[in-house]
There are 4 protein chains.
Amino acid sequence: MTRRAGPGTRTSPAGSRAAQSAIRREQVLAAALELFCEHGYAGTSTRRIAEAAGVTEGLIFHYFATKEALLFELAAQRHTFAGQVLTVMQRAGDRSARELLLAVAAGLTGVSSEEGAFIGFMLAEAQVNPSLRAQVTSATAVVLGGIVRTLARRVEAGELRADASLEAAAHGFFGGFLFFFTQHRHLGPAAWRREAAAFAEAWADQCWRGIASPAALSAHSTKCP
Amino acid sequence: MTRRAGPGTRTSPAGSRAAQSAIRREQVLAAALELFCEHGYAGTSTRRIAEAAGVTEGLIFHYFATKEALLFELAAQRHTFAGQVLTVMQRAGDRSARELLLAVAAGLTGVSSEEGAFIGFMLAEAQVNPSLRAQVTSATAVVLGGIVRTLARRVEAGELRADASLEAAAHGFFGGFLFFFTQHRHLGPAAWRREAAAFAEAWADQCWRGIASPAALSAHSTKCP
Amino acid sequence: MTRRAGPGTRTSPAGSRAAQSAIRREQVLAAALELFCEHGYAGTSTRRIAEAAGVTEGLIFHYFATKEALLFELAAQRHTFAGQVLTVMQRAGDRSARELLLAVAAGLTGVSSEEGAFIGFMLAEAQVNPSLRAQVTSATAVVLGGIVRTLARRVEAGELRADASLEAAAHGFFGGFLFFFTQHRHLGPAAWRREAAAFAEAWADQCWRGIASPAALSAHSTKCP
Amino acid sequence: MTRRAGPGTRTSPAGSRAAQSAIRREQVLAAALELFCEHGYAGTSTRRIAEAAGVTEGLIFHYFATKEALLFELAAQRHTFAGQVLTVMQRAGDRSARELLLAVAAGLTGVSSEEGAFIGFMLAEAQVNPSLRAQVTSATAVVLGGIVRTLARRVEAGELRADASLEAAAHGFFGGFLFFFTQHRHLGPAAWRREAAAFAEAWADQCWRGIASPAALSAHSTKCP
DNA sequence: GATGAATGAGCATTCATTCAT
DNA sequence: AATGAATGAATGCTCATTCAT
């Protein structure tokens, strides 16, 4: 029986007891993240998490009150996807909607396939766990609301049609990415990056065309013949 | 001793033992469907299914070899969503892509929120269950492939741009609906119908504009000022 | 690993499947009773009960929803002690209080030391388990109330003093037996019977003298010089 | 390095580290006492004791080798009840048995309901824990023996009947109080004091009458008509 | 003296599944 | 066809205890 990361095993400089324990905690979270994504929440036992993290089961409950607390901490901690979108939105300034959507899409390309898998997992779990659903729904609302509000400013600028449903656009734009992620989450990193980049650009372009005003459309097509 | 539902077997009246048992079987499937959608596959015990179906637990295993067999049968049996899409596609004839997308969208509106919940469940479960994933992936591929092929014919007809990525379009179009479904699955029937109809129409319109040729676009706008 | 009482092992005439299962259920209860008395409720694991009953742990939960349900069923089922007292009381008729207390005492002598141990266990557990306490308290109230009411009739008959606290008498009479039981529960059957009989008679006599009227006392002493 | 509380050690002021640690130790004992009484020994985790005492779990094991050691120390330390009885007995002198029993009863009235709860707990726990049982049994034997021996002297004085079983009397007298305590341990302090005083007096009186000689009885009744 | 990370055995309970009836 | 007794492995979680710091 191999002892892994037992206390006192490491006298390395970086490792005060407190630091060591923080690392262990993180290892548990990381292991849980990976296993949850692969087998789902209910399909992952705390036993397996402990094994994967090289830790005893009891220690998991030393750090986290319940298995669900582990899930919630993961949900609260990992926001890369929504964060990407919001960051891009906040830096919007007076850029065109087209540039914005492309920027968001490009940002999402940077997201790894693991991140995609995590989003797929969260969305799936949210369907089944009411308190997680609340968390996910509100996060989604923030992102969609952000997109809608930013696009609304571009309607006034004449770039987008006044009669387009921006809610539908935001919903569909986002949903398209989400579906893409869940469908391609099992790709390797290289293939993922390639496919994701291609899809992201084409999809951002189409969504923009879907809501662009005739004037903006023709202006765009003369620039890119 | 294998029981076969051969033609001669059904001379007995409708209330016969055979018919009774078929009904029971169906009740089990229905109960499983509902519980799976609400609590997920792993979150639903065979005991709860039995209770909900008004049947003993043992009987479930008389009808289905394993709990997973129940899941697979559900996956194979209930295809309303994908079926809707395919049916519309097959009847496409020479209708315009715009009409087609709107028809698909309208078809999806007719789908109940329960159906939407079922799709959400299947997609979620597929992330976790490899054999289900295969089934779902191939079903999705058929639907998306059908959309792409049908749209491709309309490129030749000049209605759609030749440089548009139809794969991205199909993916996004479909994904938009899926995301909408998972986000609104907890709505009551009336609200669902209203919201779904509004979204479906707007979304079909936008997706069409995203890939329409300039000629088709201007032709459309002169018709609907 | 010796198979004990497995299904199908017994083709004995008395043993239909239903009867067999009732027996098994009873075995579980009996094992639980014994272990609870020896190690307390919290100190007895369902594992040990299963082993002692020659049954798998799962089966216990097939019969009883929870470990606590086992406890409650035991509490509801085994009432020999209180039952003895009440039966004697109900048959009271117009017997003297002295005869009554002696009859109660004699009845309690018939109670085995196991029964005494069970009472000790219940009283102990009731201190710690609120719902069990409610049950025990109400059972005790019934018994004490019965004693008080029966004695009250003998006050009117002049056998007992009008100024004696019958509540205190009933409480103390009963409590004396209870304490005796808990103190002697580890005796063997023979020694138990001897000690119990001696104590019961002496104690009933003293309690009677404690509340008897002077007239009854002198009448008694002339009869038994 | 063994720390000894030798006389020279205590020259430090009252707030010294040593004093501090003694206080902490006492807090742990107090917390354990209260929790044990409420939830039983097995039903109280060291974690809860630590929380209630405002101390880390580890510290408990710094002071006490095991959880059981905590229990034993409590058993050895708190003897108010038995102490009361013995003190009264030792000061007996040539007082009458009647006065003695009333004094004992009065002494027990002074005992708080917490003390009553503690006795109930100890008696309950003794049924389950052999080494505690030994301790409790011998303590009980001392008290009961003390009562018996004191009463025996009053038999010679003619106050008590020669043919009365003093063992049964002592047992029952004590048991009556014990049962009263366990039945009323959940009363508030005021109600407790009232109820306890009433019961104690009535019970002591009855027990005395149960074993008093005819002469003493009539002498008593002429004094208190 | 005091902390709290860490352990490993144990807990009550749930589960899908089998099988005799 | 249908029951429900029975299994045995697994589950999330708690426990008393140890020990390096």
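The figures here come from the full heavy-atom set of this structure, side chains too, leaving out hydrogens, waters and symmetry mates. By convention in this document, chain letters (A, B, ...) are assigned in the order of the sequence lines, proteins followed by strands, and residues within each chain are numbered from 1.
- Under the Watson-Crick or G-U wobble criterion, with both distances below 3.5 Å, F:dA2 is paired with E:dT21.
- Taking 4.0 angstrom as the limit, A:Arg24 places a side-chain polar atom (N or O) nearer than this to OP1 or OP2 of E:dA6.
- Residue order along DNA chain F, read from the 5' end via each residue's closest nucleotide, puts B:Val55 first among D:Thr46 and B:Val55.
- Protein atom NZ of C:Lys67 is 4 Å distant from nucleotide atom P of E:dA12, rounded to whole Å.
- Pair assignment for E:dC11: F:dG12, on the basis of Watson-Crick or G-U wobble contacts that are both within less than 3.5 Å.
- Taking side-chain N and O atoms only, A:His62 has no distance below 4.0 Å to OP1 or OP2 of E:dA6.
- Separating the CZ atom of D:Phe61 from the P atom of E:dT7 is a distance of 18 Å, rounded to the nearest angstrom.
- For the pair C:Phe64 CZ and F:dA5 C1', the computed distance is 14 Å after rounding to whole Å.
- The residue A:Arg47 sits close to a base: some heavy atom pair falls under 4.0 Å.
- Put simply, the side chain of A:Tyr41 gets close to the backbone of A:Glu68: a donor and an acceptor are under 3.5 Å apart.
- Regarding D:Tyr63, its OH atom lies at a distance of 18 Å from the P atom of F:dT17, rounded to whole Å.
- Here E:dA5 is the nucleotide among F:dT17, F:dT14, E:dA5 with the atom lying nearest to any side-chain atom of A:Leu59.
- A distance of 10.5 Å separates SG in A:Cys37 from CD in A:Glu125, rounded to the nearest 0.5 Å.
- Along DNA chain F, the nucleotide nearest to C:Ile60 and the one nearest to A:Gly43 differ in position, and the one closer to the 5' end is contacted by C:Ile60.
- Both the sub-6.0 Å distance and the 45° axial angle are not jointly satisfied by D:Lys67 relative to the ring of D:Phe61.
- A donor-acceptor contact shorter than 3.5 Å is absent between the side chain of C:Thr44 and the backbone of C:His39.
- Taking 4.0 angstrom as the limit, C:Thr56 places none of its side-chain polar atoms (N or O) nearer than this to OP1 or OP2 of F:dG8.
- When the P atom of E:dA5 is taken as reference, atom CD of A:Gln27 falls 15 Å away, rounded to whole Å.
- Using a 4.0 Å heavy-atom distance criterion, C:Ser21 is classed as a sugar-phosphate-only contact.
- When heavy atoms are screened at a 4.0 angstrom cut-off, A:Ser45 is found touching the sugar-phosphate backbone but no base atom.
- Of the two residues contacting DNA chain E, namely C:Gly58 and A:Arg25, the nearest-nucleotide position lying further toward the 5' end is that of A:Arg25.
- Salt-bridge check for D:Glu57 with D:Arg47: failed, with every basic side-chain N at 4.0 Å or more from each acidic carboxylate O.
- As rounded to whole Å, 15 Å separates atom P of E:dC11 from atom CD of A:Glu57.
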May I have the step-by-step check of side chain to side chain contact (heavy atoms under 4.5 Å, CB included) for B:Thr46 and B:Leu70, ending in yes or no? CA-CA 10 Å; B:Thr46 51; B:Leu70 242 170; 5.8 Å; no

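- When each of D:Gly54 and C:Ala65 is assigned the nucleotide of DNA chain E bearing its nearest heavy atom, the one mapping closer to the 5' terminus is D:Gly54.
- One can place CZ of A:Arg48 at 16 Å from C1' of F:dG12, the figure rounded to the nearest angstrom.
- Of the candidate nucleotides E:dT18, F:dT18, E:dT13, E:dT13 has the atom nearest to the side chain of C:Thr66.
- In this entry the distance linking CD of C:Glu26 with C1' of F:dA5 reads 16 Å, nearest Å.
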